[in-house]
Colleague: 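What follows is a single structure, and I will ask about it in a moment.
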Amino acid sequence: MTKNDWLRWPSKEALGREGISHNRRRLAWATRMLVLAMLLWGAVSSSPLRGWGAALAVGGVGVAALLARALYRTTFQHRLWPSVSLLLLLQGLAVAGQAAGFRVPALVLWCGCAITALERLPLSAALPLTMVALGSYAVVNDDALLTTTVTSIGLALLGYVLRLDAEARGNTQLLLTQERAARAAERESAALAERARIAREIHDVLAHSLSAQLVHLEAARLLIERGADRDRILERVVAARGMARDGLAETRHALSALRGEMSPLEDYLSELIGATDTVGVTITGERRPLSAEASQAVRRVAQEALTNVRKHAPGATVQVRLEYGEHQVTLDVRDTGGSPGELTGVGGGYGLLGMRERAELLGGSLAAGPDEKGFVVTLRVPT
């Protein structure tokens with residue numbers, strides 16, 4: 001044993017009631033009641049006095065019960081000197097009882113002090129107190145020396161076994177507490193992750209929708225400044241209204257996706273492109289369901305890439321290619337380039353940055369940049 005083992009208290013979990021089954025609690029109470037009954041019986045039956053003397057003996061048993069209760073409280077609170085003092089008072093009460101002729105209660109008190117000290121005190125304090133209690137028991141007990149020795153050793157072993165059992169139960173309670181804390185932290189982390197996911201989805205939907213509306217509204221403003229005809233201005237306003245309507249629909253789609261109600265990715269791409277002749281879709285590989293996060297990443301990148309084409313290269317031909325690989329899915333959006341649109345400078349350019357961050361969170365990657373003809377956006381997400 002190390003020095004710490006000698007000075008260490010049994011944990012409060014070991015000294016408390018938590019983790020003790022109802023049957024063991026009933027057994028503990030039955031044992032206490034039995035000990036109290038033995039003390040009372042011994043006080044009354046072996047009393048050389050009658051009347052007030054017997055009442056005084058019963059009162060002494062009551063005092064011993066109160067001291068024992070206080071001892072359990074102070075040991076639970078890990079208060080060494082009050083606990084030692086209470087044990088010494090109990091042993092002093094046993095000495096007084098022996099001197100007054102109450103031999104059985106005195107023996108019971110010494111045995112109880114020895115067991116309780118080993119069970120509930122640091123070993124450095126428990127061993128001396130146990131030796132004093134068992135030594136007093138051995139001196140007073142009139143059984144054969146071998147019987148007294150065996151009984152004393154058995155009481156010491158019983159106290160130590162109860163200590164080990166309490167410490168094992170305390171360790172189990174500590175592990176359960178740590179496991180509950182870990183599960184609570186895991187639930188909190190999952191809730192925070194889910195909130196972040198919801199916020200990211202709503203942000204991406206709104207960013208895409210508002211950016212597209214801004215494109216058309218800014219175009220309408222420029223047309224008004226240049227004195228364009230009413231029909232061209234109205235066309236842009238109607239387009240902005242359509243983008244707002246599409247944004248609301250996308251928000252509903254995002255919420256449905258968060259609930260696990262997602263349409264197939266291929267159907268979504270077809271709906272996104274619609275009847276546009278300048279956009280084509282190619283799907284290769286063995287089609288299979290993707291996780292909600294991976295599917296949402298592909299959808300958002302496709303949206304952002306097509307919006308950028310309409311914004312920066314209106315009229316360009318776009319080829320969307322979705323490839324299902326063995327361990328990843330790849331989305332490639334490639335345009336043929338075109339004359340810069342009148343709204344090329346509109347917006348802060350944070351759309352692809354957000355998509356790249358989304359891909360990296362999933363362990364994937366996103367590359368965006370010009371090629372020989374136009375602009376290419378390539379997303380790779382592990383499946």
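Predicted model only: the values in this text are computed from it and were never measured. When a residue number appears, it is its place in the shown sequence, counting from 1.
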Colleague: Could you walk me through whether E218 and R221 satisfy the salt bridge (Lys or Arg N to Asp or Glu O under 4.0 Å) test, starting with their C-alpha distance in whole Å, then the side-chain angles of each, then the deciding distance to 0.1 Å, before giving a yes or no?
Modeller: CA-CA 5 Å; E218 186 67 11; R221 183 186 68 80; 2.3 Å; yes
Colleague: Any chance CZ of R69 has more than 12 other-residue heavy atoms, nucleotides or ligands included, within less than 6.0 Å?
Modeller: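 Incorrect, the count does not exceed 12.
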Colleague: Step by step, work out the salt bridge (Lys or Arg N to Asp or Glu O under 4.0 Å) result for E179 and R183.
Modeller: CA-CA 6 Å; E179 184 178 356; R183 289 182 178 178; 2.6 Å; yes
Colleague: Just how far is it from atom OG of S11 to atom NE2 of H78, taken to the nearest 0.5 Å?
Modeller: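 Here the rounded value is 6.5 Å.
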Colleague: How about CZ on R288, more than 12 heavy atoms from neighbouring residues, nucleotides or ligands closer than 6.0 Å, or not?
Modeller: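 Yes, CZ of R288 has more than 12 neighbouring heavy atoms, counting only those of other groups under 6.0 Å.
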Colleague: Other than L234, what residues sit in its cluster of Ile, Leu, Val, Met, Phe, Trp and Tyr side chains whose heavy atoms are under 4.5 Å apart, directly or through others?
Modeller: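 Noted: L234 shares its cluster with V238.
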Colleague: Sub-3.5 Å donor-acceptor pair from the side chain of D335 to the main-chain atoms of F375, do we have one?
Modeller: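 Yes; at least one donor-acceptor contact below 3.5 Å.
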Colleague: In this structure, are over 12 heavy atoms from other groups packed under 6.0 Å from E225 atom CD?
Modeller: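 Yes - once you tally the heavy atoms of other residues, nucleotides and ligands closer than 6.0 Å, there are more than 12.
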Colleague: Going by the side chain to side chain contact (heavy atoms under 4.5 Å, CB included) test, name the single residue among L134, L155, V140 that passes it with W110.
Modeller: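 Result: among L134, L155, V140, V140 is the only option passing the side chain to side chain contact (heavy atoms under 4.5 Å, CB included) with W110.
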Colleague: Under 3.5 Å, side chain of S295 to main-chain N/O of S291, donor-acceptor pair present?
Modeller: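 Checking the backbone N and O of S291 against the side chain of S295, no donor-acceptor pair under 3.5 Å is found.
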Colleague: For S83 and W9: C-alpha separation, side-chain torsions, deciding distance, then whether side chain to side chain contact (heavy atoms under 4.5 Å, CB included) applies.
Modeller: CA-CA 12 Å; S83 301; W9 282 85; 4.1 Å; yes
Colleague: Would the distance check show the side chain of N171 and the main-chain N or O of E167 forming a donor-acceptor pair, the cut-off being under 3.5 Å?
Modeller: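 Side chain of N171 to backbone of E167: a pair is present.
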Colleague: Is there a donor-acceptor pair closer than 3.5 Å between any side-chain N or O of R356 and the backbone N or O of L366?
Modeller: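 Checking the backbone N and O of L366 against the side chain of R356, a donor-acceptor pair under 3.5 Å is found.
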Colleague: Is a side-chain donor or acceptor of R169 paired with a backbone partner of A14 at a separation under 3.5 angstrom?
Modeller: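 Side chain of R169 to backbone of A14: a pair is present.
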Colleague: Strictly distance-based, threshold 3.5 Å: is any side-chain N or O of T336 a donor or acceptor partner for the main-chain N or O of T317?
Modeller: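 Such a contact is found between T336 side chain and T317 backbone.
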Colleague: Run the side chain to side chain contact (heavy atoms under 4.5 Å, CB included) check on Q91 and L109 step by step: do they pass?
Modeller: CA-CA 7 Å; Q91 295 197 40; L109 280 176; over 6 Å; no
Colleague: Could you tell me whether the side chain of R380 and the main chain of A367 form a donor-acceptor pair under 3.5 Å?
Modeller: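 No; judged by distance alone, with no hydrogens or angles, the pair does not exist.
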Colleague: Can you tell me if R120 uses its side chain to pair, donor with acceptor, with the backbone of Y72 under 3.5 Å?
Modeller: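 At least one qualifying donor-acceptor pair exists.
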Colleague: Is the side chain of T149 donor-acceptor paired with the backbone N or O of L145 at a distance under 3.5 Å, no angle test?
Modeller: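 It does hold such a pair.
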Colleague: With T130, which residues qualify under side chain to side chain donor-acceptor pair (under 3.5 Å), at least two apart?
Modeller: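 Once residues adjacent in sequence are excluded, T130 has no partner under the side chain to side chain donor-acceptor pair (under 3.5 Å) criterion.
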Colleague: Using distance alone, with no hydrogens and no angle criterion, decide if Q319 and T282 have a side-chain donor and acceptor under 3.5 Å apart.
Modeller: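 Result is yes, a qualifying pair exists.
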